[in-house]
Enquirer: 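Let me begin by handing over the structure; questions about it come next.
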There are 2 protein chains.
Amino acid sequence: MNQTVIPKPDYEAALREAGVRITRPRRVILGILSDAGDHPDAMEIFRRAVAIDNSISLSTVYRTMKLLEGIGAIHRHAFEGGPSRFEPAVGDHHDHLIDIETGDVIEFQSDRIEELQQEIARELGYEIVHHRLELYGRKRRRR
Amino acid sequence: MNQTVIPKPDYEAALREAGVRITRPRRVILGILSDAGDHPDAMEIFRRAVAIDNSISLSTVYRTMKLLEGIGAIHRHAFEGGPSRFEPAVGDHHDHLIDIETGDVIEFQSDRIEELQQEIARELGYEIVHHRLELYGRKRRRR
DNA sequence: CTTCTATTTGCAAACGATTTGCAATTGCAT
DNA sequence: ATGCAATTGCAAATCGTTTGCAAATAGAAG
């Protein structure tokens with residue numbers, strides 16, 4: 001058996017390195033992020049946090065997400081028609097396919113597409129700072 | 001000389017077909033859209049509208065955009081970190097490169113990327129309903 | 001283990017973009 | 001010209017997110 005290892009980021013080390021305090025609310029939120037297999041939004045993170053420590057506030061969730069985003073520990077995705085959703089910045093770059101029926105997010109990666117984007121930008125006289133590729137679709141009917 | 005013809009959509013006909021009334025505010029907004037070479041947001045459309053008829057309200061701009069989007073006459077783009085921007089749904093599909101310094105939008109099109117997206121979705125068992133490909137970049141320093 | 005202070009918190013209020021309820025206005029079929 | 005449903009402007013409401021502020025606390029220093 002060969003299970004793919006899903007690396008868990010060491011947020012606490014990252015925070016310490018950024019010179020910020022490791023508080024109880026932050027520890028709770030970091031824990032939630034560490035073992036989130038999905039792409040939760042702030043409200044969902046808040047719900048999960050409150051289940052652990054009901055004194056945590058939504059503001060703190062937002063502030064912590066901003067902090068983590070700032071140090072590059074998480075990525076924020078503004079998918080269509082909804083609040084921002086977050087994911088640990090672990091592993092390598094990928095884009096997203098969003099199931100418009102369930103909201104599920106599937107990650108994918110295409111070197112070829114990345115190359116083509118570079119090529120296009122170059123031809124237009126630009127250098128890409130970042131990009132966004134999102135496919136919105138529904139499960140294909142089994143045939 | 002061979003100038004590319006930029007088709008101007010006949011919004012009024014489209015509206016009439018949709019069975020909605022052609023009012024003064026709508027006529028003004030449609031005129032603005034018809035000869036907008038850029039991708040203005042609601043506030044910008046509002047400003048341009050007020051310059052023509054100062055009794056037009058922002059709500060009406062929003063309502064009209066929603067209406068036009070509903071009948072497929074315009075496209076709404078939610079680029080990063082800003083209000084939605086609109087463009088006439090004329091010509092064929094294209095994606096966007098956004099100049100992060102100026103906010104300028106450059107349109108581009110890549111059959112190859114479209115194909116690859118289809119391929120990826122199919123492999124994942126999905127059919128694409130729509131997609132979003134945005135490149136954010138800055139002008140490459142002339143060398 | 002106390003003391004100290006800058007950082008962080010929770011709360012409520014402010015925010016920007018967009019939508020909505022409502023009474024007044026207006027297109028347009030008659 | 002008339003009548004009424006569609007549309008408007010306005011103000012207030014909404015949603016996701018941010019912010020000011022006074023109270024709480026992490027964690028360095030003793």
Side-chain angles (χ1 to χ4, degrees), chain A residues 11-32 39-71 73-86 103, chain B residues 11-32 39-71 73-86 103:
Chain A
Y11 288 121
E12 301 217 0
L15 284 196
R16 203 162 287 121
E17 180 150 357
V20 301
R21 291 183 182 170
I22 299 186
T23 63
R24 173 144 172 67
R26 278 178 185 160
R27 229 188 296 269
V28 170
I29 294 168
L30 299 182
I32 289 164
H39 296 65
D41 60 34
M43 187 51 76
E44 177 59 27
I45 293 168
F46 174 61
R47 274 186 225 104
R48 297 181 195 176
V50 165
I52 296 166
D53 175 346
N54 66 45
S55 76
I56 287 171
S57 79
L58 182 55
S59 317
T60 296
V61 172
Y62 276 110
R63 280 192 276 236
T64 303
M65 300 326 278
K66 177 157 290 209
L67 177 65
L68 294 173
E69 192 188 2
I71 67 179
I74 61 172
H75 291 310
R76 172 193 301 261
H77 301 294
F79 297 137
E80 280 188 2
S84 292
R85 298 172 63 171
F86 305 91
Chain B
Y11 288 122
E12 301 217 1
L15 283 195
R16 203 161 288 125
E17 180 151 357
V20 299
R21 292 182 181 170
I22 299 188
T23 64
R24 173 142 173 67
R26 278 179 186 160
R27 229 187 295 267
V28 170
I29 294 169
L30 298 182
I32 289 165
H39 296 65
D41 60 33
M43 186 52 74
E44 176 60 26
I45 293 168
F46 174 60
R47 273 187 227 104
R48 297 181 195 177
V50 165
I52 296 166
D53 174 347
N54 67 44
S55 77
I56 287 171
S57 78
L58 182 55
S59 317
T60 296
V61 172
Y62 276 111
R63 279 191 277 235
T64 303
M65 299 326 280
K66 176 157 290 207
L67 178 66
L68 293 173
E69 192 188 2
I71 66 178
I74 61 171
H75 291 310
R76 171 192 302 259
H77 301 295
F79 298 137
E80 280 187 2
S84 292
R85 298 172 62 172
F86 305 91

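The analysis underlying the following values was restricted to heavy atoms, covering all of them including side chains, and did not include hydrogens, waters or symmetry mates. Below, read A as the first sequence line, B as the second, and so on, with proteins coming before strands; counting in each chain starts at 1.
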Enquirer: Atom CD of E44(B) to atom P of dG16(C): distance rounded to whole Å?
Expert: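 For the pair E44(B) CD and dG16(C) P, the rounded distance is 18 Å.
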Enquirer: Just how far, in rounded Å, is P of dT9(C) from CG of N54(A)?
Expert: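 Rounding to the nearest Å, CG of N54(A) and P of dT9(C) are 16 Å apart.
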Enquirer: Of all heavy-atom pairs between E12(A) and I22(A), which one has the smallest distance, and what is that distance?
Expert: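 Minimum heavy-atom separation between E12(A) and I22(A): O-CD1, 3.6 Å.
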Enquirer: Given atom CZ of R85(A) and atom P of dC15(D), what is their separation to the nearest angstrom?
Expert: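 Roughly 19 Å, once rounded to whole Å.
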Enquirer: Using a heavy-atom distance cut-off of less than 4.0 Å, which residues of residues 57-68 of chain B contact DNA chain D?
Expert: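 Here the set is S57(B), S59(B), T60(B), R63(B).
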Enquirer: To the nearest Å, give me how far apart CZ (F46(A)) and P (dT9(C)) are.
Expert: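 Distance, rounded to whole Å: 14 Å.
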Enquirer: Taking the side chain as every heavy atom from C-beta outward, state whether R21(B) and L15(B) have any atom pair closer than 4.5 Å.
Expert: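 The answer is no, as the side chains (C-beta and beyond) never meet within the 4.5 Å cut-off.
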Enquirer: If you take all heavy atoms of D41(A) and P83(A), which pair is closest and at what distance?
Expert: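 So the two residues come closest at OD2-CG, 3.4 Å.
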Enquirer: Answer yes or no: is there a side-chain heavy-atom contact under 4.5 Å between R85(B) and P40(B)?
Expert: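 The answer is no, as the side chains (C-beta and beyond) never meet within the 4.5 Å cut-off.
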Enquirer: Name the orientation class of the two ring planes belonging to H77(B) and F79(B) (parallel below 30°, tilted from 30 to 60°, perpendicular beyond 60°).
Expert: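 Ring orientation of H77(B) relative to F79(B): parallel.
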Enquirer: Between S84(A) and dT17(D), is there a side-chain N or O to OP1/OP2 distance below 4.0 Å?
Expert: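 Affirmative; the distance criterion is met.
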Enquirer: Grab the CG-P distance between D53(B) and dT26(C) for me, whole Å please.
Expert: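 In whole Å, dT26(C) P and D53(B) CG are 11 Å from each other.
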Enquirer: Starting at atom NE2 of H77(B), determine the distance to atom P of dA17(C), rounded to an integer number of angstrom.
Expert: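 Checked: the NE2 to P distance equals 18 Å.
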Enquirer: Please list, by residue number, the residues of residues 19-29 of chain B whose heavy atoms come closer than 4.0 Å to an atom of DNA chain D; answer none if no residue qualifies.
Expert: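 V20(B), R21(B), T23(B), P25(B), R26(B) - these, ordered by number, are the residues of the stretch whose heavy atoms sit under 4.0 Å from the strand.
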Enquirer: Can you list everything that forms a side-chain contact (heavy atoms from CB on, under 4.5 Å) with P25(A)? Sequence neighbours excluded, please.
Expert: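 Residues passing side-chain contact (heavy atoms from CB on, under 4.5 Å) with P25(A): T23(A), I56(A), T60(A).
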Enquirer: Please name the pair of heavy atoms, one in T64(A) and one in R26(A), separated by the smallest distance, quoted to 0.1 Å.
Expert: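 Looking at all heavy atoms of both residues, the shortest contact is OG1-CG, 4.0 Å.
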Enquirer: Restricting to non-hydrogen atoms, name the atom on V61(A) and the atom on A42(A) that form the minimum distance, rounded to 0.1 Å.
Expert: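 Of all heavy-atom pairs spanning V61(A) and A42(A), the closest is CG1-O, 3.7 Å.
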